[in-house]
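Convention: sequence-line order gives letters A, B, ...; per-chain numbering from 1. Source: prediction; values computed, not measured. Atom set for the values below is all heavy atoms of this structure, side chains included, hydrogens, waters and symmetry mates excluded.
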There are 2 protein chains.
Amino acid sequence: MGTTGRRPGAYVCGIDAAMDVIGGKWKVLILWALHERPCRFGELRRELPGVTEKVLASHLREMEADGLVHREAYDEVPPRVEYSLTPRGVSLNAALEPLGAWGSANVLSPAPGQMREDDDVPLVTGAA
Amino acid sequence: MGTTGRRPGAYVCGIDAAMDVIGGKWKVLILWALHERPCRFGELRRELPGVTEKVLASHLREMEADGLVHREAYDEVPPRVEYSLTPRGVSLNAALEPLGAWGSANVLSPAPGQMREDDDVPLVTGAA
DNA sequence: CGGTATCCTGGATGATACTG
DNA sequence: CAGTATCATCCAGGATACCG
C-alpha cells in the first residue's frame, strides 16, 4: 500500500514501516488537514491544491484501511461524507511533529553553514 | 530528489518538506545504518539487502547534497570511501525516532481493536 | 573497490468522463 | 456531492554492463 514496495514482515524497522503508511504523495497533508478539523471530501480536495479526486479517494481508502482515518457517511441528499482522524491517526500526527519541526528548520529555512553545496550564499554575518 | 514531486517553495508544511528529503526508498535505512557507525559503500550495500549500486549511489549523492551525509574519499588503492552522518543527519535521525516508535507499535505489531479491516484474526488471548 | 552509463519496467499519480 | 472507471504519463527504482 505505501510506496516503498516492502510489506509487513519485510520491514527492517519501525521507521520504514511508518514510511509505508504515510508514503503516499498527499497523505501527510491529509493527516494535517484532518488534524485541524474533520473534513468533507470536497473540503479536503480544496485543502490539497492539485490533488485529483481519484488519488484523494484512493489515499483516503488506504488510510481508512490503515486505521488512521474514520469515514462517516450520512444518508442524505445531497450525499455527505465526513472524514476524521482516528485515535491512531492522532497519535501518528503527534509522532510526526518532531519531523515537521526538523523540516521547517532544515529544509524550509536551512541553517547556514551546513546547507547544500550548490547553495553558495556568502552569508555575511554582519562583519562585512 | 525526494518522491513527492513538490519542491522548495511549494511545500505546505515542514512535514512534507522533510518527507521530500527522506522519501527515497532506502534513505531512512541508510540513515539508520550510518547512525550506528560510518560505513563504506560496500558495507552499506550489504546492510541494505536488495538495493542496487546505482540507487544506493544516487541516494547517497542526494543525501550528501541535502547535507545529511558526509563523504570521505581516501586516495588509496584499492579505493576507500567512507560515509558518515553530518550533525544535520544526526538531528534528522533523532526527529525520526518518534515515528519509528509509532511504526513499531502500530504497524509492526498493531494494537488490537483498531487494526485494518482485512485483518480478522480472532485474537485468542489465552482463553482457548 | 566504488562507482557510472544504459535501458527498461511497474506502479503511483494525473486527466477526463461518467454515475448514484 | 462524492465518488468510480479508464486511459495516459511520469519517473523512481531495478537489471546489467562497463570503468578508474
Asker: Once you apply a heavy-atom cut-off of 4.0 Å, does A/Arg45 come out as touching a base, just sugar-phosphate, or nothing?
Answerer: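 Contact class for A/Arg45: none.
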
Asker: A side-chain contact here means heavy atoms from C-beta on lying under 4.5 Å apart; do B/Val81 and B/Arg40 qualify?
Answerer: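 B/Val81 does not reach B/Arg40 side chain to side chain.
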
Asker: Rounding to a whole Å, what distance do you find between B/Arg61:CZ and D/dG13:C1'?
Answerer: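 That distance rounds to 14 Å.
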
Asker: Would you say A/Tyr83 reaches D/dC1's phosphate, i.e. side-chain N/O to OP1/OP2 under 4.0 Å?
Answerer: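 No.
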
Asker: Under the rule for side-chain contact (heavy atoms from CB on, under 4.5 Å), what residues qualify as partners of B/Ala95, not counting sequence neighbours?
Answerer: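 Expected list: A/Pro98, A/Trp102.
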
Asker: With sequence neighbours excluded, tell me which residues meet side-chain contact (heavy atoms from CB on, under 4.5 Å) with A/Ser84.
Answerer: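 For A/Ser84, the residues satisfying side-chain contact (heavy atoms from CB on, under 4.5 Å) (neighbours in sequence not counted) are A/Pro38, A/His70.
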
Asker: Output yes when at least one side-chain N/O atom of A/His59 is less than 4.0 Å from OP1 or OP2 of C/dT13, else no.
Answerer: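 Yes, within the criterion.
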
Asker: Taking only residues at least two apart or on different chains, which pairs with a member in residues 68-77 of chain B satisfy salt bridge (charged side-chain N to carboxylate O under 4.0 Å, His left out)?
Answerer: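 Found B/Glu76-B/Arg80.
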
Asker: With sequence neighbours left out, write down each residue that passes side-chain contact (heavy atoms from CB on, under 4.5 Å) with A/Pro79, or none if nothing qualifies.
Answerer: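 None.
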
Asker: Let's see if you get this right: which residues in residues 46-55 of chain A place a heavy atom under 4.0 Å from DNA chain C?
Answerer: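 Here the set is A/Thr52, A/Glu53, A/Lys54, A/Val55.
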
Asker: Mark yes or no for whether B/Asp20, through its side chain, and B/Ala17, through its backbone, hold a donor-acceptor pair below 3.5 Å.
Answerer: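 Side chain of B/Asp20 to backbone of B/Ala17: no pair is present.
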
Asker: What residues form a side chain to side chain donor-acceptor pair (under 3.5 Å) with B/His59, not counting sequence neighbours?
Answerer: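 With sequence neighbours excluded, B/His59 shows a side chain to side chain donor-acceptor pair (under 3.5 Å) to no residue whatsoever.
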
Asker: Send over the distance from A/Arg71 CZ to D/dT4 C1', rounded to a whole Å.
Answerer: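 Whole-Å distance recorded here is 12 Å.
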
Asker: If you assign A/Pro79 and A/Ala57 each to the DNA chain D nucleotide with the nearest heavy atom, which residue ends up on the more 5' nucleotide?
Answerer: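 Per heavy-atom nearest nucleotide, the more 5' residue is A/Pro79.
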
Asker: Check whether B/Asn106 reaches the backbone of A/Arg88 with its side chain - one donor and one acceptor, N or O, closer than 3.5 Å.
Answerer: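 The answer is no, because no donor-acceptor pair under 3.5 Å joins these two groups.
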
Asker: What's the angle between the local helix axes at either end of the helix from C/dC1-D/dG20 to C/dG20-D/dC1, using five pairs per end and rounding to 10 degrees?
Answerer: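 Comparing the axis at each end, I get an angle of 50°.
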
Asker: Would you list the atom pairs, donor with acceptor, under 3.5 Å between side chains in residues 46-54 of chain A and any protein atom, with sequence neighbours excluded?
Answerer:
{"from": "A/Glu47", "atom 1": "OE2", "to": "A/Arg37", "atom 2": "NH2", "distance (Å)": "2.7"}
{"from": "A/Thr52", "atom 1": "OG1", "to": "A/Val55", "atom 2": "N", "distance (Å)": "3.4"}

Asker: Applying side-chain contact (heavy atoms from CB on, under 4.5 Å), can you list everything that pairs with A/Ala57, at least two apart in sequence or on another chain?
Answerer: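 side-chain contact (heavy atoms from CB on, under 4.5 Å) list for A/Ala57, sorted by chain: A/Phe41, A/Arg61.
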
Asker: Please report the distance, rounded to the nearest Å, between CG in A/Asp16 and P in D/dG13.
Answerer: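 Atom-to-atom, A/Asp16 to D/dG13, this comes out as 14 Å.
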
Asker: For B/Glu76 and D/dG20, what is the distance between atoms CD and C1' respectively, to the nearest whole Å?
Answerer: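 Distance check: B/Glu76 CD to D/dG20 C1' gives 16 Å.
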
Asker: Give the rounded distance in Å between these two atoms: CD1 of B/Ile30 and C1' of D/dA12.
Answerer: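 Those two atoms, CD1 and C1', are 14 Å apart.
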
Asker: Is a side-chain donor or acceptor of A/Ser109 paired with a backbone partner of A/Ser104 at a separation under 3.5 angstrom?
Answerer: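 Between the backbone of A/Ser104 and the side chain of A/Ser109 there is a qualifying donor-acceptor contact (under 3.5 Å).
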
Asker: Between the main-chain N or O of A/Leu31 and the side-chain N or O of A/Asn93, is there a donor-acceptor pair closer than 3.5 Å?
Answerer: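 Side chain of A/Asn93 to backbone of A/Leu31: a pair is present.
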
Asker: B/Leu60 CG to C/dG2 P: how many Å, rounded?
Answerer: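 Rounded to whole Å, this separation is 11 Å.
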
Asker: Give the rounded distance in Å between these two atoms: CG of A/Leu56 and P of D/dG3.
Answerer: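 These atoms are roughly 8 Å apart.
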
Asker: Give me the residues of residues 32-43 of chain A where at least one heavy atom lies under 4.0 Å from an atom of DNA chain C, by number, or none.
Answerer: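 Hits under 4.0 Å, by residue number: none.
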
Asker: Figure out the CG/P separation between A/Asp75 and D/dG3, and round it to whole Å.
Answerer: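 So the two atoms are 13 Å apart, to the nearest Å.
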
